[in-house]
A.B. asks: 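I have a structure I would like to understand better, so I am pasting it below and will then ask my questions one at a time.
For the numbers below, each heavy atom of this structure counts, side chains included, while hydrogens, waters and symmetry mates do not.
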Amino acid sequence: MIHSVLKASRFQNPRREALVLTIAISGCVCRLAFSSMKEINCKVDSSSCTLAPNREPCITESLSVSGNGTTTSSMSVKSTPEIEKKFVHHVYDAIAPHFSATRFAKWPKVAAFLSSLPLGSLVLDAGCGNGKYLGLNQDCFFMGCDISPSLIKICSDREHEVLVADAVNLPYRTGFGDAAISIAVLHHLSTENRRRKAIEELVRVVKKGGRVLITVWAVEQEDSKLITKWTPLNEKYVDEWVGPGSPHTRAPSSSSLESIPESEVSTSGEHMEVCHEAHASRYLEEEKNIKNQQEYFVPWHLPYHRAEISGASAEALAAGLATKDDKKGAVVYNRYYHVFSEGELESLTTEINNAIIVDQFFDKSNWCIILEKTV
């Protein structure tokens with residue numbers, strides 16, 4: 001069994017706060033000391049693990065407790081599928097400075113949620129990106145985490161309290177925060193089990209009565225032309241997923257829409273009706289496949305003139321993880337997305353017995369939900 005204890009010393013100025021985390025794991029002690037989080041040193045007995053901006057986080061097996069009190073192993077859920085490593089983690093590390101330069105506007109609904117929190121609330125931002133929401137409410141204290149060391153370095157340079165962590169394995173003790181947010185994160189998780197686990201983690205780390213805001217990209221995009229620029233995943237990428245929770249992909253249709261041959265025009269009305277029904281059925285099947293498509297690669301164009309082009313991008317091009325678009329003068333990265341259908345985000349919370357839905361809404365092509373922890 002794993003027992004966790006966290007002690008934090010706070011000064012009046014949150015930006016200059018130093019935190020010391022003590023975690024007892026089966027009798028071993030792991031201390032995490034950080035200020036501005038430029039580096040995290042983690043020691044367990046004689047072994048050590050250092051998380052710096054150019055390192056992957058170390059994730060250890062733990063036990064998850066469901067709302068009904070049962071304890072289950074969650075190691076398989078925490079095993080990151082290759083598609084996420086290649087088309088989420090590596091991509092955001094490579095494009096971090098350019099991505100950050102485009103992410104400064106605050107979504108009104110998120111800003112309203114954060115502004116409504118009580119004075120002195122501790123807010124946890126899981127998947128904080130470049131930290132644009134950290135510190136938005138000056139009356140609250142913010143802590144953030146993200147899977148990308150490159151984005152975390154940007155946050156750290158801005159003097160935010162952040163660390164590198166996986167959304168399905170948050171490094172905070174149970175009931176630590178007063179509120180939590182996950183903005184445009186869950187759609188980068190490639191299995192239903194991992195998406196549900198991320199929600200469970202957000203609920204776990206807040207106190208009873210604490211609220212959690214989650215937003216994800218929607219299938220129902222307000223600008224339908226955007227989807228035409230995305231690449232639907234097909235059977236070519238099946239081997240990028242692992243485990244029984246892998247998403248289903250849309251196989252190419254074996255039939256295509258065709259015009260009715262002239263020879264059929266002179267046939268009986270009954271035969272013509274059958275032909276029309278067959279073609280109508282094909283058309284409806286095509287429409288159904290497109291509508292049900294939820295797995296996409298969404299391109300990110302990194303201009304040639306960006307400084308980071310000579311580093312991670314050169315390696316990505318050599319490894320076939322990115323392509324060059326000379327017409328646009330950019331290196332093109334594909335980011336994995338699972339876009340959510342209506343009601344899907346809500347359905348992921350049905351097995352979480354210690355939280356209730358207090359609000360859900362559609363905002364700027366995003367499905368959003370607010371949960372409140374009840375136990």
Side-chain angles (χ1 to χ4, degrees), residues 62 64-72 74 77-78 106-118 120-129 133-134 136-137 140-146 165-189 191-219 245 338-375:
S62 65
S64 62
V65 181
S66 62
N68 59 12
T70 60
T71 304
T72 58
S74 57
V77 178
K78 294 177 183 176
K106 279 75 172 177
W107 292 357
K109 294 286 188 180
V110 179
F113 174 83
L114 295 174
S115 298
S116 70
L117 297 175
S121 294
L122 173 59
V123 186
L124 309 175
D125 187 348
C128 61
Y133 290 112
L134 299 177
L136 184 143
N137 184 342
C140 298
F141 175 65
F142 288 77
M143 297 179 68
C145 65
D146 199 281
D166 195 330
V168 301
N169 190 34
L170 295 179
Y172 310 115
R173 69 171 172 82
T174 299
F176 181 50
D178 297 293
I181 61 174
S182 172
I183 310 302
V185 176
L186 263 65
H187 50 229
H188 287 311
L189 302 179
T191 72
E192 182 177 316
N193 288 337
R194 284 173 61 77
R195 294 189 284 270
R196 181 180 293 106
K197 178 61 177 175
I199 296 176
E200 291 175 349
E201 281 289 274
L202 289 164
V203 173
R204 179 186 66 79
V205 298
V206 299
K207 301 174 181 176
K208 179 181 178 181
R211 295 201 167 185
V212 175
L213 169 64
I214 303 170
T215 76
V216 294
W217 280 20
V219 170
H338 168 87
V339 289
F340 281 63
S341 59
E342 183 176 4
E344 184 177 357
L345 187 56
E346 176 187 4
S347 69
L348 287 175
T349 69
T350 56
E351 296 179 9
I352 302 177
N353 299 325
N354 59 341
I356 58 172
I357 298 173
V358 295
D359 196 9
Q360 52 188 322
F361 50 93
F362 183 82
D363 182 50
K364 298 184 182 300
S365 299
N366 285 261
W367 288 113
C368 313
I369 194 169
I370 297 178
L371 304 173
E372 180 176 312
K373 188 171 183 176
T374 57
V375 179

A.B. asks: Indicate the atoms forming the closest heavy-atom contact of D363 with K109, along with that distance.
C.D. replies: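 Shortest heavy-atom contact: OD2-CG, 3.2 Å.
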
A.B. asks: Kindly compute the distance separating CZ (F113) from SG (C368), expressed to the nearest 0.5 Å.
C.D. replies: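 Result: 11.5 Å between the selected atoms.
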
A.B. asks: Please test R211 against V358 for side-chain contact (heavy atoms from CB on, under 4.5 Å), starting from the C-alpha separation and ending with a verdict.
C.D. replies: CA-CA 9 Å; R211 295 201 167 185; V358 295; 3.9 Å; yes

A.B. asks: May I ask you to check whether F362 and W367 place their ring centers less than 6.0 Å from one another?
C.D. replies: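 When the ring centroids of F362 and W367 are compared, they turn out to be within the sub-6.0 Å range.
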
A.B. asks: To the nearest 0.5 angstrom, please state how far the CG atom of L124 sits from the CG atom of L134.
C.D. replies: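 Output value for this atom pair is 10.5 Å.
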
A.B. asks: Measuring from E372:CD to K208:NZ, what's the distance to the nearest 0.5 Å?
C.D. replies: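 With rounding to 0.5 Å, CD (E372) is 10.0 Å from NZ (K208).
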
A.B. asks: Does S115 use its side chain to pair, donor to acceptor, with the backbone of A112 at less than 3.5 Å?
C.D. replies: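 Looks like no, no N/O pair under 3.5 Å.
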
A.B. asks: In the structure I gave you, are the side-chain heavy atoms of E192 and L348 within less than 4.5 Å of one another anywhere?
C.D. replies: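 Yes - at least one pair of side-chain heavy atoms lies under 4.5 Å apart.
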
A.B. asks: Closest heavy-atom contact between W217 and N366?
C.D. replies: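 Smallest heavy-atom distance, with atoms named: CD1-OD1, 3.4 Å.
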
A.B. asks: Measure across V219 and S341 and return the closest heavy-atom pair with its distance rounded to 0.1 Å.
C.D. replies: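 Heavy atoms only, the tightest pair is CG2-N, 3.9 Å.
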
A.B. asks: Which atom names give the shortest non-hydrogen contact between V185 and A167, and what distance separates them?
C.D. replies: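 Result for this residue pair: CG1-CB, 4.3 Å.
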
A.B. asks: Can you confirm whether Y172 sits close enough to C145 that some side-chain heavy atom of one is under 4.5 Å from a side-chain heavy atom of the other?
C.D. replies: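 When only atoms from C-beta onward are counted, C145 and Y172 do touch, with a gap below 4.5 Å.
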
A.B. asks: At what distance, to the nearest 0.5 angstrom, does CG of L345 lie from CD1 of I214?
C.D. replies: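 Result: 5.5 Å between the selected atoms.
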
A.B. asks: Indicate the atoms forming the closest heavy-atom contact of R194 with D166, along with that distance.
C.D. replies: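 Answer, listing the atom of R194 first, then D166: NH2-OD2, 3.9 Å.
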
A.B. asks: Does the side chain of K373 come within less than 4.5 Å of N354's, by heavy atoms?
C.D. replies: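 Result yes, sub-4.5 Å side-chain heavy-atom pair found.
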
A.B. asks: When you measure from the side chain of R195 to the backbone of L186, do you find a donor-acceptor pair of N or O atoms at a distance under 3.5 Å?
C.D. replies: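 Judged by distance alone, no pair lies under 3.5 Å.
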
A.B. asks: Using only atom types and a distance under 3.5 Å, with no angle test, would you say the side chain of N193 pairs donor to acceptor with the backbone of V77?
C.D. replies: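 No; zero donor-acceptor contacts below 3.5 Å.
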
A.B. asks: Looking at side-chain heavy atoms only, is the closest gap between I199 and V212 below 4.5 Å?
C.D. replies: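 Answer no - side chains too far apart.
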
A.B. asks: A355 and T374: which non-hydrogen atoms are nearest, and at how many Å?
C.D. replies: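 Taking A355 first and T374 second, the nearest heavy atoms are N-OG1, 3.6 Å.
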
A.B. asks: Flag the pair Y133 / V123 as yes when at least one side-chain heavy-atom distance between them is below 4.5 Å, and no otherwise.
C.D. replies: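 Side-chain contact under 4.5 Å: no.
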
A.B. asks: Side chains of L202 and L371, heavy atoms from C-beta outward: is any pair under 4.5 Å?
C.D. replies: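 No; the side chains remain at least 4.5 Å from each other.
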
A.B. asks: Do L136 and K106 have side chains that approach each other closer than 4.5 Å (heavy atoms only, starting at C-beta)?
C.D. replies: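 Of all side-chain heavy-atom pairs linking K106 with L136, at least one is under 4.5 Å.
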
A.B. asks: For residues K78 and K197, determine if any side-chain heavy atom of one lies less than 4.5 Å from a side-chain heavy atom of the other.
C.D. replies: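 SC-SC contact between K78 and K197 confirmed.
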
A.B. asks: For residues 174-184, please give each side-chain donor-acceptor pair under 3.5 Å, one per line with the distance, not counting sequence neighbours.
C.D. replies:
from: T174; atom 1: OG1; to: R204; atom 2: NH1; distance (Å): 3.2
from: D178; atom 1: OD1; to: K207; atom 2: NZ; distance (Å): 3.4
from: D178; atom 1: OD2; to: L122; atom 2: N; distance (Å): 2.7

A.B. asks: Just verifying a value: how many Å separate T215 OG1 and F340 CZ, rounded to the nearest 0.5 Å?
C.D. replies: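 So the OG1 of T215 and the CZ of F340 are separated by 10.0 Å.
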
